[in-house]
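First up is the structure itself, then whatever we jot down about it.
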Amino acid sequence: MAVRRARTSILVSLAALSCAPSVGDPIDGTISGTVVKGPVAGSSVQAFSVSPGGRRDAAVGRGKTDAGGGFTLNLAGHFGTTLVCARGGAFTEEATGGLVDLGPNELCALIDAQELGGATSGAVLTPLTTLHANLTACLIEAGREQDLQAASDRAANRLNQFLSAGTPSF
């Protein structure tokens with residue numbers, strides 16, 4: 001009786017496995033761009049999915065910057081809003097020409113519409129894009145915006161107003 005149950009259990013398991021859908025190979029997208037506070041060479045760059053609350057979620061890609069601060073990340077089938085952050089590396093400080101280590105500080109940017117299998121190029125990670133990403137999450141957490149796109153738009157508008165200091169068409 002026990003042998004018969006074991007055989008039945010094995011057959012049911014095999015039948016379930018054979019019915020699993022075949023979805024094919026994962027479709028990988030890429031994000032490429034530059035880390036700039038002066039070009040940051042040797043920086044560790046990581047891409048994250050973004051939670052509905054605007055905060056980083058699971059890591060979906062990682063890489064390093066080249067000597068000019070450039071990077072390309074493969075995104076393992078991820079699509080949608082992506083947060084790309086760089087940590088470490090060094091850049092040449094403009095005023096003195098000295099080499100400065102970025103250290104544990106991060107430079108980040110929100111990529112609003114990464115397409116499945118698509119290639120996003122021209123992403124730039126700077127102190128200002130970091131401010132935008134952080135302000136976007138704060139607007140959602142404070143309840144001032146309900147979704148990520150609205151919060152991102154509002155953050156960009158507020159930063160443009162602040163930086164333009166009342167200059168029309170800034």
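The chain is numbered in sequence order, starting from 1.
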Full working for side-chain contact (heavy atoms from CB on, under 4.5 Å) between L110 and H132: CA-CA 8 Å; L110 274 176; H132 171 260; 4.0 Å; yes
Rounded to the nearest 0.5 Å, what separates atom CG in D147 from atom OG1 in T81? 9.5 Å
Using only heavy-atom distances, determine whether the side chains of S44 and K64 contain a donor-acceptor pair under 3.5 Å. yes
F48 and D57 have their tightest heavy-atom pair at CD2-O, 3.5 Å
S49 side chain to A58 main-chain N or O, any donor-acceptor pair under 3.5 Å? yes
Separation between OG of S32 and CG of N74, rounded to the nearest 0.5 Å: 10.5 Å
How close do A59 and Q46 get, heavy atom to heavy atom, and via which atoms? CB-NE2, 3.2 Å
Using the rule that Ile, Leu, Val, Met, Phe, Trp and Tyr join whenever any side-chain heavy atoms are under 4.5 Å apart, tell me whether L83 and L148 fall into a single cluster. yes
Nearest heavy-atom approach of A47 to L73 is CB-CD1, 3.8 Å
Indicate the atoms forming the closest heavy-atom contact of A86 with V35, along with that distance. CB-CG2, 3.7 Å
Is there a path of hydrophobic side-chain contacts, each under 4.5 Å between heavy atoms of I, L, V, M, F, W or Y residues, that connects V100 with V40? yes
Short question: side chain of T82, backbone of G80 - any donor-acceptor pair under 3.5 Å? yes
Is a side-chain N or O of T130 found less than 3.5 angstrom from the main chain of C108, in a donor-acceptor match? yes
Only residue of L107, L125, T65, D66 satisfying side chain to side chain contact (heavy atoms under 4.5 Å, CB included) with S43 is T65
Non-hydrogen side-chain atoms of E141 and R55 separated by less than 4.5 Å: yes
F91 versus G38, closest heavy-atom pair with distance: CB-O, 3.7 Å
Restricting to non-hydrogen atoms, name the atom on G68 and the atom on P39 that form the minimum distance, rounded to 0.1 Å. O-CB, 3.3 Å
When you group the ILVMFWY residues by side-chain heavy-atom contacts below 4.5 Å and let the links chain together, are L139 and L131 in the same group? yes
I'd like to know if the side chain of R154 reaches the main chain of R144, judged simply by a donor and an acceptor atom lying under 3.5 Å from each other, with no hydrogens or angles considered. yes
Give me the one residue out of V84, I31, I111, T30 that meets side chain to side chain contact (heavy atoms under 4.5 Å, CB included) with L75. I31
